[in-house]
Amino acid sequence: MGQIHAPFGANTKKTIVGRGASSKGRTCGRGHDGQNQRSGGGVRLGFEGGQMPLYRRVARRGFSNAKFKQDYQIVSFDVLSANFEDGDVITLDVLKDAGLVKGFGVQVKILSNGELTKKVIIDGLQVSASAIEKIKAAGGEIR
């Protein structure tokens, strides 16, 4: 049996343009003289040749709540069951020490994905309504 290889012409070297006459000939696909023909030439993103750019012509309207949005890192029951024992108190610091939550100023919410098989105590964390029921049913508590 012969070796497996790419068909002829499938793998070609990248053409580096703008490096003199030897690289693809004369203007190298950059056209004739001008700003875009020069190395490092061209205009910044959004520049329209001195005309007022679109992003400045269009009015900004309304209110955006994006900068006040609060992101929560989600921790599920499967993760809690795998990493903690009966009677453990679970706080934000404990989750960070265990490597389950990362980041500065992060907020955590516990969701009821999976099964909770341990009696754990949740202290100072957001917990979904269905998760509260399952934690209490397993014998745990929420502070």
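For this chain, numbers begin at 1 and follow the sequence in order. All values below come from the heavy atoms of this structure, side chains included, with hydrogens, waters and symmetry mates left out. Here the structure is a predicted model, which means the values were calculated and not measured.
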Pairs of donor and acceptor atoms involving the side chains of residues 41-54, under 3.5 Å and at least two apart or interchain, shall be tabulated with distances.
unit_1	atom_1	unit_2	atom_2	d
Glu48	OE1	Gln51	NE2	2.9
Glu48	OE1	Arg57	NH1	3.1
Glu48	OE2	Leu54	N	2.9

Checklist entry - Applying the 4.5 Å side-chain criterion to the ILVMFWY set and letting contacts propagate, would Val106 and Leu125 be lumped into a single cluster? => result yes
For Lys102, does its backbone N or O pair with a side-chain atom of Gln73 as donor and acceptor, under 3.5 Å?
yes
**Prompt:** Does the side chain of Leu80 reach to within under 4.5 Å of the side chain of Leu116, using non-hydrogen atoms?
**Reply:** yes
Taken to the nearest 0.5 Å, the spacing of Ile142 CD1 from Asp123 CG works out to 11.0 Å
The side chain to side chain contact (heavy atoms under 4.5 Å, CB included) partners of Asn65 (sequence neighbours excluded) come to Phe63, Phe68
Residue set satisfying side chain to side chain contact (heavy atoms under 4.5 Å, CB included) with Asp78, at least two apart, ordered chain then number -> Ser76
By side chain to side chain contact (heavy atoms under 4.5 Å, CB included), His32 pairs with (sequence neighbours left out) Arg26, Thr27
Taken to the nearest 0.5 Å, the spacing of Arg30 CZ from Arg38 CZ works out to 10.5 Å
Expected list for residues 126-133: side-chain donor-acceptor pairs under 3.5 angstrom, two or more places apart:
unit_1	atom_1	unit_2	atom_2	d
Ser128	OG	Ala131	N	3.3
Ser130	OG	Ser112	OG	2.9

Below 3.5 Å, can you tabulate the donor-acceptor pairs from side chains in residues 82-100 to any protein atom, sequence neighbours excluded?
unit_1	atom_1	unit_2	atom_2	d
Asn83	ND2	Val79	O	2.8
Asp86	OD1	Lys119	N	2.8
Asp88	OD2	Glu85	N	2.8
Thr91	OG1	Val94	N	3.4
Lys96	NZ	Gly103	O	3.1

Nearest heavy-atom approach of Lys118 to Ser81 is NZ-O, 2.8 Å
Would you say that Ile135 contacts Phe77 through its side chain, given a criterion of any heavy-atom pair below 4.5 Å between the two side chains? yes
Note to self: Counting only heavy atoms from other residues, nucleotides and ligands, does the tally under 6.0 Å from CD of Glu115 exceed 12?
What the structure shows: no
### Message
When you compare the side chain of Arg143 with that of Glu141, does any pair of heavy atoms fall below 4.5 Å?
### Response
yes
Rounded to the nearest 0.5 Å, the NZ atom of Lys134 sits from the CD1 atom of Ile110 at a distance of 13.5 Å
